[in-house]
There are 2 protein chains.
Amino acid sequence: MDQQAPVTQGDPGKDSVRDRLLDAAEALFCERGFDGVSVRDLTGQANCNVAAVNYYFGGKDKLYQEMFRRQVQEICYRQIARINEAMGVPNPTLESVLREIVFMPLLAAYEKQQRGRIMRLMVREVLNKTVHGETILEAFHTQMMTHAVQALRTLVPQLDDKQARLAVFSVDSLKVHPFLFMDEFFAVNTGINFDEMVNHIVFFAAAGIRAMAAK
Amino acid sequence: MDQQAPVTQGDPGKDSVRDRLLDAAEALFCERGFDGVSVRDLTGQANCNVAAVNYYFGGKDKLYQEMFRRQVQEICYRQIARINEAMGVPNPTLESVLREIVFMPLLAAYEKQQRGRIMRLMVREVLNKTVHGETILEAFHTQMMTHAVQALRTLVPQLDDKQARLAVFSVDSLKVHPFLFMDEFFAVNTGINFDEMVNHIVFFAAAGIRAMAAK
DNA sequence: TATTATTTGAAACATATGTTTTAAATACAC
DNA sequence: GTGTATTTAAAACATATGTTTCAAATAATA
């Protein structure tokens with residue numbers, strides 16, 4: 001019958017059952033993925049009845065999508081804001097901007113913050129090729145790419161559009177891979193610390209970009 | 001009772017039920033992951049009875065681990081062989097070795113070959129932090145790292161051990177990220193083709209490494 | 001207060017799934 | 001060929017899971 005919950009009557013703000021469910025979804029899905037969390041896990045964490053998921057969201061799927069969409073959007077805003085901030089200082093250099101882009105995400109992974117887990121979930125969704133991610137993430141990719149390309153070409157005007165896109169992609173590579181596999185790297189390479197890794201990435205990326213510009 | 005199937009009596013070589021199940025596991029698990037494949041999916045594809053999974057492997061888990069371990073080992077051998085081959089030619093350059101390392105995996109992803117799917121599954125396992133992957137993949141990481149570091153330091157003797165490890169990690173970044181997100185990149189960046197991407201990656205990585213050596 | 005709409009709770013439903021059981025079928029050894 | 005061990009097959013089991021039902025409780029409205 002495609003029933004949807006009417007706009008809640010009591011306390012539309014916070015700590016309603018609906019909100020508690022979204023919080024639980026964020027905490028649990030990000031940790032264990034869609035299949036790893038049952039509706040009863042969610043309602044247990046949110047301290048509500050099993051039926052609440054279907055009552056408020058129309059199903060586990062819908063709840064997941066709602067939670068996922070929000071998180072991706074927030075990550076998107078945050079990244080763009082970070083680029084803008086780095087470009088906004090008096091004399092932005094390639095290195096200073098790269099550092100700004102790279103540092104926070106890696107720190108989030110290093111310190112195992114919640115936002116780090118969300119990023120991992122995003123990657124999992126892409127790899128799992130679930131229906132959920134696709135449309136949401138496409139917008140994310142285009143938006144991020146155009147914004148980053150524009151910033152890079154301001155910093156290094158010698159680059160044409162194609163070069164800038166490839167460069168942005170490679171910077172992304174140098175950021176995402178350590179983000180995902182940091183634990184594994186440090187486990188194998190004791191004697192290298194977090195700061196050394198960040199410095200290396202910034203240096204390596206800048207060298208690659210400068211070499212592209214010199215071509 | 002922890003029963004294990006005795007060494008098969010008939011046709012120990014090929015096309016036994018056991019082998020068909022391993023084939024089915026490789027095909028299905030690599031595509032849909034552990035949770036995405038049911039025992040009945042497997043036995044359906046292998047044309048055998050549901051009980052066969054438990055009879056021959058002692059459970060879905062065990063079958064998965066057996067299949068996963070084999071695949072990872074094969075990938076490991078292949079990668080090391082590739083490095084050796086690239087280093088074995090008369091005058092190996094940094095660029096030629098990098099190209100050798102990068103090209104085949106990316107092509108596998110580009111052409112959506114089976115081996116590409118297996119790599120993706122490996123990444124998924126790491127991200128999912130399932131028990132399955134951990135021990136298997138740790139050996140993989142250490143082995144690959146030491147081998148690659150050795151090769152790189154032969155090519156670029158100015159690098160110390162720490163630098164070489166960071167460089168190898170970054171080359172891995174520049175390879176794995178496109179491997180995983182190639183579709184997404186080409187979807188957003190029409191007008192860039194596969195060869196251009198490979199050339200760029202080799203150039204970018206070499207520039208980064210050369211800059212490290214010059215420090 | 002009386003009436004209505006919304007929310008909650010417990011139980012039931014339907015189904016998918018990993019595993020086990022049990023007996024028949026098949027291959028092997030003597 | 002006979003007896004034994006191995007393999008196959010169908011059914012049953014036990015359980016986990018997403019969803020639905022429906023009545024009671026609660027809040028809103030008049």
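A note on names: the letters A, B, ... follow the listed sequences, proteins ahead of strands, and every chain is numbered from 1. All heavy atoms count here, side chains included; hydrogens, waters and symmetry mates do not.
Picking from D:dT19, D:dG18, C:dT7 the nucleotide with the shortest atom distance to the side chain of A:Ser38 gives D:dG18. When distances are taken from the side chain of B:Tyr56 to each of C:dT8, C:dT19, D:dT7, the shortest belongs to D:dT7. When distances are taken from the side chain of A:Val39 to each of D:dT8, D:dG18, D:dT21, the shortest belongs to D:dG18.
At whole-Å resolution of the value, CZ in A:Phe34 and C1' in D:dT17 are 11 Å apart. Spacing between atom CZ of A:Phe57 and atom P of C:dT7 amounts to 12 Å, rounded to whole angstrom units. For the pair A:Asn54 CG and D:dT19 P, the computed distance is 5 Å after rounding to whole Å. The CG-C1' distance, from A:Leu63 to D:dT19, rounds to 14 Å in whole Å. Taking atom CZ of residue B:Arg40 and atom P of nucleotide D:dA10, one finds them 13 Å apart after rounding to whole Å. A:Tyr64 has its OH atom 18 Å from the C1' atom of D:dT17, to the nearest Å. When the P atom of D:dA16 is taken as reference, atom CG of B:Asp35 falls 15 Å away, rounded to whole Å. Rounded to an integer number of Å, the gap from B:Asp41 CG to C:dG18 C1' is 13 Å.
Here the two rings, on A:Phe169 and B:His200, have centers that are 6.0 Å apart or farther.
Using a 4.0 Å heavy-atom cutoff across all strands shown, A:Ala52 reaches no nucleic acid atom at all. When heavy atoms are screened at a 4.0 angstrom cut-off, A:Val53 is found touching no nucleic acid atom at all.
Judged by distance alone, the side chains of A:Gln73 and A:Arg70 never bring a donor and an acceptor atom under 3.5 Å apart.
Checking the phosphate oxygens (OP1, OP2) of C:dG9, no side-chain nitrogen or oxygen of A:Tyr55 falls inside 4.0 Å.
Panel note: side chain A:Arg120, backbone A:Leu180; a donor-acceptor pair is recorded below 3.5 Å.
Both B:Asn49 and A:Asn49 lie close to DNA chain C; mapped to their nearest nucleotides by heavy-atom distance, the more 5′-ward contact belongs to A:Asn49.
Summarising the local packing, CD of A:Gln150 is surrounded by 12 or fewer heavy atoms from other residues, nucleotides or ligands at distances under 6.0 Å.
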Determine, stepwise, if the pair A:Asp172 / A:Lys175 fulfils salt bridge (Lys or Arg N to Asp or Glu O under 4.0 Å). CA-CA 5 Å; A:Asp172 235 51; A:Lys175 178 184 70 182; 3.8 Å; yes
